[in-house]
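The chains referred to below are lettered A, B, ... by the order of the sequence lines, with proteins before strands, and numbering in each begins at 1.
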Protein chains: 2
Amino acid sequence: MAQKVTIATVARQAGVSRQTVSNVIHTPEIVREETRERVRAAITALGYRASQAARQMRTGRSQLIAVRIEPTRDGINGSVLDRFLHGLTEAAGEAGYRVMLYTATDAANEIATYDDLLGAYDLDAFVLTGTDHGDVRTAWLAERKVPFVTFGRSWDAPERYPWVDVDGAAGTAAATAHLVTQGHQRIAFIGWPAGSGVGDNRRAGWASAVSATGVDPAELNRETPDGITQGEEVARQLLELKLPPTALVCASDSLALGALQAVRDRGAAVAVTGFDDTPVAQAIGLTSVSQPLAQAAASCVDLLAAVLDGGGVDGAGDPGGGPAQVLLTPSLVVRQSG
Amino acid sequence: MAQKVTIATVARQAGVSRQTVSNVIHTPEIVREETRERVRAAITALGYRASQAARQMRTGRSQLIAVRIEPTRDGINGSVLDRFLHGLTEAAGEAGYRVMLYTATDAANEIATYDDLLGAYDLDAFVLTGTDHGDVRTAWLAERKVPFVTFGRSWDAPERYPWVDVDGAAGTAAATAHLVTQGHQRIAFIGWPAGSGVGDNRRAGWASAVSATGVDPAELNRETPDGITQGEEVARQLLELKLPPTALVCASDSLALGALQAVRDRGAAVAVTGFDDTPVAQAIGLTSVSQPLAQAAASCVDLLAAVLDGGGVDGAGDPGGGPAQVLLTPSLVVRQSG
DNA sequence: TTGTAGGCGTTATCAA
DNA sequence: TTGATAACGCCTACAA
């Protein structure tokens, strides 16, 4: 391994002091052009890179963002986190940050990890995914003024902290509207049990779109836990009605995959739409609502950067006057199934 | 935010010098018990955690491991990386390391990122996934003596560097043997085109298990790129043979999912097995070969830790006398499909 | 067994 | 416009 190149090496090579090198890096405009160029040449020639550890000691900033990686739950939808993570890493990199991973078994454990991460690595911020009602994690972080963003809006206190989310209602509404355009009039919804913010939101989009056609949605509304077999079962029941629906809007690709199975088994010409546009949907030709995950990740980084680089290190500060919440609109990807 | 707790704070609180605190942390046995306890009490009372940045400046070790997160390819199999990442984060945490993510568009770009990561963050090691023949990344890292492990064996130079892999041949052989036990005699294989180490390996397991029954496998061997539709297409062709197979061993769950579709469409009683035991397989009842991903991740960390904590910082050193390569055996998860 | 001194690479402050 | 000095928090000699 070649000897470590420090700012002193560069200074010697360029025939200036260390401070001048530092100035060239941080405030180039105060350095005479000729000197500046000489220093820059030395930097590239030596392949110099500032030591993040040393810099952190001085500035107290680690340029590190932490995000939790969950044990894979439903694998179909699990790919969503995967894609989000990729987008986050990319966006963070462009903003000069790196992403660090952590795991946690429960909320208490996760908070202990925050403490650890903050104490040892001096993390700049956290990105939380999937917050629920009365989340203790956000409370803990907010209390200590640790900057954070959540991917998934805050359902209890909409304006309390910065979040990025995808407008699920707009997604299911778009799917429903598309089906209406196709001539469908009896459009059912297969979603999760009432009570989850995300699930209720997706259901609401369908309900409003159906209501807009003058039909009462209540009759064709169904609830079930997520899963392929669950979707198949519920779809089967719907198809056995005396007046069965001609289209099924589902809250997830898992449910839709099951529903599609039921439809095919029955040989019925019933349209099906899913949610998340997972690779499975792409592969089997399932019409699905696509979340702009890369964009969501980029927005998370933007929000964080605004707080970190702008309005001080207290998560409470207004991020540079811009909105602290971002709601993105998903798009409908139409395929054979609908 | 409470004032930062440093080693000096603890020393003052416990009424000792900073050095004594450091000794309690690193070499407790040389400190008198009474003093040790007093210092420990102070540490917990104050919630002290050593600053990783400061420690790194002294020791030159960052306790950071980097791993690349890829843009989601096939989402079904994409969940494999997801689970591996989770296992890696967990195992690394237990060994006192943290996982940092990075992205890269191509090999050149990835190497530039190594340079960056190494220069700025002083990473301790890299975990590479999916190396191919004549990988330039491993060459670059090895040349600079940067410790690394690959998940996926080195197909050209088996003994050149530490790797962890899963015995794919054993997996397909187990699946095939299971089918033989069930009375199947015409067992086909649907795998990827010859040339990829992983694909050839999985094919070999099936071939040897079939050969063991005295049957020539060549006739029922099929090649296709990965994908659900590809699997369906190939399976359809196989089922149209005058003497069709009664069982299909597939190189991936994607292929198997497609094959299952073909089997069902035809109403044939043909068994199907997949590979990776993805959540999709679990959901639709597909028999599949399960890779011990958490264990693989743990092995990667073990190998790395042996090099890092043991035999010096040059990746070439023998990791504490233990084997530098780990080959894990997958298990067969039997479900309705086979 | 405990304490003191110095330096890791940066950057902020101040002086030249 | 540039340079000297100090300090961030830790660890490793070495001295007491």
Side-chain angles (χ1 to χ4, degrees), chain A residues 1-40 42-43 46-64 96 118-124 313, chain B residues 1-40 42-43 46-63 96 118-124 309 313:
Chain A
M1 174 100 68
Q3 193 54 35
K4 176 110 189 111
V5 177
T6 78
I7 206 168
T9 323
V10 177
R12 216 174 310 128
Q13 167 96 5
V16 297
S17 75
R18 294 181 324 214
Q19 182 52 34
T20 301
V21 177
S22 181
N23 284 337
V24 169
I25 295 168
H26 295 99
T27 42
E29 62 277 9
I30 73 162
V31 178
R32 201 200 326 159
E33 178 165 348
E34 189 233 346
T35 316
R36 198 193 312 151
E37 288 317 316
R38 195 150 35 97
V39 171
R40 285 205 168 125
I43 287 178
L46 293 158
Y48 166 76
R49 322 191 95 90
S51 154
Q52 182 54 224
R55 176 172 288 176
Q56 179 178 339
M57 283 199 66
R58 273 302 301 183
T59 64
R61 300 271 310 269
S62 63
Q63 302 295 107
L64 249 32
L118 251 18
Y121 287 89
D122 215 344
L123 267 91
D124 285 350
V313 199
Chain B
M1 177 99 68
Q3 192 53 36
K4 177 104 188 121
V5 177
T6 78
I7 206 168
T9 322
V10 176
R12 215 174 312 128
Q13 167 95 4
V16 297
S17 75
R18 296 183 323 218
Q19 180 52 32
T20 302
V21 177
S22 182
N23 284 338
V24 169
I25 296 168
H26 295 99
T27 42
E29 62 278 9
I30 73 163
V31 179
R32 199 197 328 156
E33 178 165 349
E34 189 236 344
T35 316
R36 196 193 314 150
E37 289 316 317
R38 194 150 35 95
V39 171
R40 285 205 169 125
I43 287 178
L46 293 158
Y48 166 76
R49 323 193 95 91
S51 154
Q52 181 53 41
R55 175 174 289 176
Q56 179 178 340
M57 284 199 64
R58 277 297 300 176
T59 63
R61 300 271 310 270
S62 63
Q63 303 295 106
L118 251 16
Y121 287 89
D122 215 344
L123 268 92
D124 285 349
D309 303 334
V313 199

side-chain contact (heavy atoms from CB on, under 4.5 Å) involving A/Ile30 - partner list, sequence neighbours excluded: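 By the side-chain contact (heavy atoms from CB on, under 4.5 Å) rule, A/Ile30 matches A/Asn23, A/Thr27.
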
Using modelled atom types and a 3.5 Å cut-off, is there a donor and acceptor pairing between side-chain atoms of [X] and backbone atoms of [Y]?
{"X": "B/Gln56", "Y": "B/Tyr121", "value": "yes"}
{"X": "B/Gln52", "Y": "B/Ser62", "value": "yes"}
{"X": "A/Arg36", "Y": "A/Val24", "value": "no"}
{"X": "B/Thr59", "Y": "B/Arg55", "value": "yes"}
{"X": "B/Ser51", "Y": "A/Ala120", "value": "no"}

A/Tyr48/A/Val39 under side chain to side chain contact (heavy atoms under 4.5 Å, CB included): CA gap, chis, key distance, verdict: CA-CA 11 Å; A/Tyr48 166 76; A/Val39 171; over 6 Å; no

From CG (B/Asp309) to CG (B/Asp124), nearest 0.5 Å: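 With rounding to 0.5 Å, CG (B/Asp309) is 9.0 Å from CG (B/Asp124).
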
Base-contact (B) and sugar-phosphate-only (S) positions in nucleotides 9-14 of chain C, heavy-atom cut-off under 4.0 Å, - elsewhere: BBBBB-

Short side-chain N/O contact from B/Thr20 to OP1 or OP2 of C/dG3, under 4.0 Å: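 Affirmative; the distance criterion is met.
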
Contact residues, residues 27-34 of chain A to DNA chain D [heavy atom, < 4.0 Å]: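 Per residue number, the list reads A/Ile30, A/Val31, A/Arg32.
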
Under a 4.5 Å cut-off applied to non-hydrogen side-chain atoms, are [X] and [Y] in contact?
{"X": "B/Ile25", "Y": "B/Ile43", "result": "yes"}
{"X": "A/Thr20", "Y": "A/Ser17", "result": "yes"}
{"X": "A/Met57", "Y": "B/Met57", "result": "yes"}

Terminal contacting nucleotides, 5' and 3', DNA chain D versus chain A (heavy atom, 4.0 Å):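 Both ends considered, the range comes out as D/dT1 to D/dG9.
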
Contact list for residues 18-33 of chain A, test salt bridge (charged side-chain N to carboxylate O under 4.0 Å, His left out), sequence neighbours left out: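 The answer is A/Arg32-A/Glu34.
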
Inter-end axis angle, the helix from C/dT1-D/dA16 to C/dA16-D/dT1, with every axis fitted to five base pairs (rounded, 10 degrees):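 Roughly 40°, once rounded to the nearest ten degrees.
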
